[in-house]
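No hydrogens, no waters, no symmetry mates; every other heavy atom, side chains included, goes into these values. First listed ligand is number 1; within each ligand, the first listed atom is number 1.
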Amino acid sequence: MNDIHRIVEMLDSAATDASPVDQVTSRMPLTLEQAYAVQHRLVACRVQRGDTVSGVKLGFTSRAKAEQMGVSDVIIGSVTEGMCFANGSSVDPARFIHPRVEPEVAFRLDVDVDPGDPNAVPVVTQVAPALEVIDSRYRNFSFTLEDVVADNTSAAGYVLGPWISLEEVRARRDLANLGVVLEIDGEIAETGSTAAILGDPLRAVAAVKRMARAHGFALPAGIVILAGAATAAAPLPVTPGSYVEATVEGFGRVSVSIGGDHG
Ligand code: 0L1
Ligand code: MG
């Protein structure tokens, strides 16, 4: 069994058992290329169990988070149908280790895009408010850039609000300067602006194509693009009945409540 295979098994079990592990790079070096190879294999494990890739996500899209990590570029990961919770539905926190939630903007890719084709344009015409649940499989959320890439960029769940026409939004508002509020149990947990997402969330679409080309991701029509967080992530409450809601100014709300047996 080679090292990559062992890392994939470790991170896959950590996610399925909701049990944290030590960061990979504390025991062995990992290049960025190897980290993406681990990530692709982890996602393949999910697909083998019957899940389907439903989209891609970017991380480190805010300057503050990139600086905190000492990185100058975004990272890319995959999200699956099994990670998608319906808007307003209830999620069992027992499936996570130490979940955090962040308000995001999502796009839907309208056309198949060959990331290697310089003329291929990633067209998006629909936009939605979104919540992303991140849950590092590493103890204490402690990782290097390579660790977090290997761990599929901490992807653990997402919720999409109503899709609306991008054209309609842009006719009325500046997509790059919309207020975003994250509320937990009716209290404001975080506030920010869509400007925190690469200066303009639409830049995420081009960044996804560039990252997909660099790191071997497919971009079929219909996938979701989670553009990145508009505020810092907040701990996802684990008390049943808790309620998390994000509002993106001018285009709606998205929410999830906490269910399950945990108190
Ligand atoms: O989606 C994100 O912005 C998270 C990227 C990974 C870093 C983290 O887990 O905080
Ligand atoms: Mg995110």
Before giving the answer on salt bridge (charged side-chain N to carboxylate O under 4.0 Å, His left out), spell out for Asp12 and Arg49 the whole-Å C-alpha distance, their side-chain angles and the decisive distance to 0.1 Å. CA-CA 12 Å; Asp12 190 44; Arg49 290 194 288 268; 2.8 Å; yes
Whichever hydrophobic residues join Val47 through chains of side-chain contacts under 4.5 Å: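 Other cluster members: Val43, Val53.
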Qualifying side chain to side chain donor-acceptor pair (under 3.5 Å) pairs with a residue from residues 192-213, counting only residues at least two apart or across chains: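 Every side chain to side chain donor-acceptor pair (under 3.5 Å) pair that includes a residue of residues 192-213, provided the two are not neighbours, is Asp73-Arg210.
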Under the 3.5 angstrom rule, does the side chain of [X] hit a backbone N or O of [Y] as a donor-acceptor pair?
X      : Y      : answer
His98  : Ser136 : yes
Glu249 : Leu178 : no
Asp110 : Val124 : no

Between Leu32 and Leu58, is there a shared hydrophobic cluster once you connect ILVMFWY residues whose side-chain heavy atoms come closer than 4.5 Å?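 As far as the 4.5 Å side-chain criterion goes, Leu58 and Leu32 are connected within one cluster.
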Mind checking whether Val248 and Tyr158 sit in one hydrophobic cluster, side chains of I, L, V, M, F, W, Y counted as touching below 4.5 Å?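 Unlinked, Val248 and Tyr158 end up in two clusters.
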Give one line per pair: atom of ligand 1, protein atom, distance. Only N/O to N/O under 3.5 Å.
| residue | atom | partner | partner atom | Å |
| --- | --- | --- | --- | --- |
| ligand 1 | 1 (O) | Lys57 | NZ | 2.7 |
| ligand 1 | 1 (O) | Glu102 | OE2 | 2.9 |
| ligand 1 | 1 (O) | Glu132 | OE1 | 2.9 |
| ligand 1 | 3 (O) | Glu102 | OE2 | 3.2 |
| ligand 1 | 9 (O) | Ser154 | OG | 2.6 |
| ligand 1 | 10 (O) | Lys65 | NZ | 2.9 |

Near the Mg ion (ligand 2) (cut-off under 2.8 Å), count of protein N, O or S atoms: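 Near the Mg ion (ligand 2), the number of protein N, O or S atoms below 2.8 Å is 3.
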Heavy-atom pair with the smallest gap, counting every atom of Arg27 and Asp22: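 The pair with the smallest heavy-atom distance is NH2-O, 3.3 Å.
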